[in-house]
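Report on the following structure.
Both backbone and side-chain heavy atoms feed into the values below; hydrogens, waters and symmetry mates do not. Owing to the predicted nature of the structure, the values given are computational and were not obtained by experimental measurement.
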Amino acid sequence: QTPIVNSFHHQAVIFQEGGPLKLLAEAEDGVAEAFEFVDGRGFLIQSHPEYEDNAFGYRVFEQVVRRKQKA
């Protein structure tokens with residue numbers, strides 16, 4: 001099941017199955033908010049995980065810190 005996250009934007013990304021991205025999270029209105037490249041090379045986030053007091057928000061921060069340490 002795709003996590004539900006916040007959305008504070010007036011624009012949106014149109015997600016298409018079978019493309020280079022995997023859907024990670026969406027807003028209550030169905031707008032796609034977070035993606036990961038299928039090849040694992042990175043992720044894209046439009047929501048604000050810093051306002052998410054849930055497992056998804058914590059996982060995002062963990063990944064950012066982990067990838068920063070590799071850079």
Side-chain angles (χ1 to χ4, degrees):
Q1 181 173 337
T2 305
I4 300 297
V5 297
N6 61 54
S7 180
F8 303 116
H9 304 97
H10 64 276
Q11 74 278 3
V13 173
I14 298 172
F15 176 71
Q16 295 182 355
E17 289 285 342
L21 301 173
K22 175 178 131 181
L23 181 64
L24 295 180
E26 60 188 359
E28 287 184 11
D29 61 5
V31 172
E33 294 285 342
F35 314 89
E36 180 177 32
F37 284 95
V38 174
D39 64 9
R41 297 188 71 192
F43 56 93
L44 309 165
I45 300 172
Q46 180 166 290
S47 67
H48 289 272
E50 68 273 19
Y51 297 130
E52 298 289 340
D53 187 20
N54 59 29
F56 178 78
Y58 299 133
R59 207 167 79 225
V60 167
F61 278 123
E62 179 182 278
Q63 289 296 321
V64 169
V65 170
R66 184 176 303 149
R67 290 171 193 236
K68 172 82 169 110
Q69 290 171 343
K70 287 183 181 180

Nearest-0.5 Å distance that lies between atom CG in Leu23 and atom CD in Glu36: 11.0 Å

What's the spacing between Arg59 CZ and Arg66 CZ if we round to 0.5 Å?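 Between atom CZ of Arg59 and atom CZ of Arg66 there are 11.0 Å.
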
For the student: nearest non-hydrogen atoms of Phe15 and Glu17, plus distance: CE2-OE2, 3.4 Å

Shared hydrophobic cluster, Leu21 / Val38 (ILVMFWY, side-chain heavy atoms < 4.5 Å):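 In one cluster: no.
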
